[in-house]
Amino acid sequence: MPQLHLLGTGASISDPHRTTTMLAVTDGPSTVVIDCGGDVVQRLLAAGIALDTIEALIITHEHPDHVGGFPLFMEKIWLAPRRRPIPIYGIHAALDQARRTFATFDTSTWEGLPERIWHEVPHTPGALVLEDVHWRITAAPVVHPVPNIGLRIESKTSGGVVAYSCDTEPTPSVVELGREADLLVHEANGYVAGVHSSPEQAARVAREAHARRLLLVHLPPGLTEADLAEARAHFAATELGEELGTYAF
Ligand SMILES: [Zn+2]
Ligand SMILES: [Zn+2]
């Protein structure tokens, strides 16, 4: 049964209880990791995910809270020790940031460092990110100060769907990504025009998409259940994403 793992649920403002927003989906021997703004390998281990199941890393956009941990990710999987190549998917600007960040380190003596296989995803609605026996993952542009994508992850095992807004103001493209999704993971950083969404706005997107369950992530410090009343008036199945929470789909 495929599972969504919320490896981190926090905003880029530091929080004692939530690290930066990072996700993984797992299905038996296949794990796809989404973003690496923090120590994502430690979070994978905390979630009980074996590192040798990592099939791919998706990087959504160039901001530090989504890609800043990339060199650490590479160092840790190398030491795990992983030797097979690591496929990395993302739009051009996100991959470029990862490449530049990694290039600042001298890795010439890291013997056996896994080869990075870069897969550039078109920054267009419905773009195919990856498809294999477990997953079909597509992307669409969202609204943020830098190029960014949301994701739709379909499990070929269960037929279940997870959608992820990533960082965005409320946008119809997430309604499309989240159409009839079992789990809509939507940011609720607090509304900033062109940048972020509020819990209420995320709930409106979930309702419009006919999603079944809304998990709020990219949460600012101090946001509690008590702040969800308005959101739940729009969409009853609204929850704060749980740090290291696991959700079947
Ligand atoms: Zn961002
Ligand atoms: Zn962010």
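Residue numbers count from 1 along this sequence. Every number for a ligand or one of its atoms is a count from 1 in the order of the listing.
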>> Within 2.8 Å of the Zn ion (ligand 1), is there any N, O or S atom belonging to His144?
In response: yes
> Under 2.8 Å from the Zn ion (ligand 1), is there an N/O/S atom belonging to His66?
Replying inline: no
Beyond-backbone contact of [X] with [Y], side-chain heavy atoms, under 4.5 angstrom:
X	Y	value
Tyr164	Ile34	yes
Val185	Leu23	yes
Leu184	Leu215	no

> Can we say Arg84 and Glu115 salt-bridge, meaning some charged N sits less than 4.0 Å from an Asp/Glu carboxylate O?
Replying inline: no
> About how large, to 10 degrees, is the angle NE2 of His218, then the Zn ion (ligand 2), then OD2 of Asp167?
Replying inline: 100°
> For the Zn ion (ligand 1), which N, O or S atom of His63 is at the shortest distance?
Replying inline: ND1
> Nearest to the Zn ion (ligand 1), which N, O or S atom of His61 do we find?
Replying inline: NE2
> Can you check whether His218 and His196 have ring centres sitting under 6.0 Å from each other?
Replying inline: yes
> For the Zn ion (ligand 2), which N, O or S atom of Asp65 is at the shortest distance?
Replying inline: OD2
